[in-house]
Amino acid sequence: MSPTVAALRNQIRVAVGRYERHTSSAFTKEALAAICDHVDADIDTDPTPPKAAMRAAILVAIGETDDADPSAHESAFRKAQLQAIADTLDAQS
């Protein structure tokens, strides 16, 4: 059985040193910045850029897309993208 979106988000949060959430919620800017740091995304996270820019940089860093245009990544990660991020973080540990 594949994990739920909420479970994948929590797995990713824990992998990057953030806290699990008891309710399903999208990543905060701080969590996205932590993911960027862990996957060596090519983006400056200080100050924190817009969420879409960080999502785009993460997807490029893990090889899920070559489209770094933030407007192409305005919405939250899809389940398959979350799984790819979790797999990348698991492979790094």
Side-chain angles (χ1 to χ4, degrees):
M1 184 167 153
S2 68
T4 64
V5 168
L8 286 168
R9 284 186 187 128
N10 275 331
Q11 179 182 347
I12 293 165
R13 284 183 182 106
V14 169
V16 299
R18 306 295 297 172
Y19 296 99
E20 286 187 55
R21 295 201 174 209
H22 296 291
T23 58
S24 183
S25 64
F27 291 114
T28 62
K29 279 185 147 190
E30 293 78 12
L32 286 170
I35 297 167
C36 285
D37 291 342
H38 277 77
V39 299
D40 294 325
D42 187 22
I43 190 165
D44 183 10
T45 57
D46 187 30
T48 310
K51 285 183 171 185
M54 288 189 284
R55 280 193 293 270
I58 291 165
L59 293 175
V60 169
I62 66 169
E64 283 294 300
T65 186
D66 350 342
D67 188 359
D69 179 11
S71 65
H73 307 284
E74 286 293 327
S75 61
F77 291 120
R78 294 187 173 116
K79 185 174 183 179
Q81 294 168 327
L82 290 169
Q83 186 65 61
I85 294 166
D87 291 346
T88 299
L89 293 170
D90 285 343
Q92 291 177 348
S93 52

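We count residues from 1, following the sequence as given. Not measured: the values here are computed from a predicted model.
Here Ile62 contributes atom CD1 and Ile58 contributes atom CD1; the two are 8.0 Å apart, rounded to the nearest 0.5 Å. To the nearest 0.5 Å, atom CD of residue Glu74 and atom CG of residue Asp69 are 8.5 Å apart. Taking CG from Asp37 and CE from Met54, the interatomic distance works out to 10.0 Å, rounded to the nearest 0.5 Å. With rounding to the nearest 0.5 Å, the separation of CG in Leu59 from CD in Glu64 is 6.5 Å.
In this structure, the side chains of Pro70 and Lys51 stay at 4.5 Å or more apart for every pair of heavy atoms. The side-chain heavy atoms of Thr88 and His38, taken from C-beta on, include no pair separated by under 4.5 Å. At least one side-chain heavy atom of Ser2 sits less than 4.5 Å from a side-chain heavy atom of Lys79. A 4.5 Å side-chain heavy-atom check between Phe27 and Arg9 finds at least one atom pair inside the cut-off.
The shortest non-hydrogen separation linking Lys29 to Pro49 is CE-O, 3.4 Å. Closest approach of Ser25 to Arg13, counting heavy atoms only: O-NH2, 2.8 Å. Nearest approach of Arg78 to Gln81, heavy atoms of both residues: N-OE1, 2.7 Å. Taking every heavy atom of both residues into account, Asn10 and Arg21 meet most closely at OD1-N, 2.8 Å. In terms of heavy atoms, Ala61 sits closest to Ala41 at CB-CA, 3.8 Å. Nearest heavy atom pair, residue Phe77 against residue Arg55, reads CZ-CG, 3.4 Å.
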Q: For Asp67 and Thr65, run side-chain hydrogen bond (donor to acceptor under 3.5 Å, both in side chains): C-alpha distance rounded to whole Å, both residues' side-chain angles, the deciding distance at 0.1 Å, then the answer.
A: CA-CA 5 Å; Asp67 188 359; Thr65 186; 5.2 Å; no
Q: Determine, step by step, whether Ile85 and Ile35 satisfy the side-chain contact (heavy atoms from CB on, under 4.5 Å) criterion, reporting the C-alpha distance in whole Å, the side-chain angles of both residues, the deciding distance to 0.1 Å, and the verdict.
A: CA-CA 9 Å; Ile85 294 166; Ile35 297 167; 4.2 Å; yes
Q.
Could you walk me through whether Asp90 and Gln11 satisfy the side-chain contact (heavy atoms from CB on, under 4.5 Å) test, starting with their C-alpha distance in whole Å, then the side-chain angles of each, then the deciding distance to 0.1 Å, before giving a yes or no?
A. CA-CA 9 Å; Asp90 285 343; Gln11 179 182 347; 3.0 Å; yes
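A donor-acceptor contact shorter than 3.5 Å is absent between the side chain of Thr45 and the backbone of Thr48.
By the rule that hydrophobic residues join a cluster once side-chain heavy atoms approach within less than 4.5 Å of another member, Val60 and Leu89 end up as members of separate clusters.
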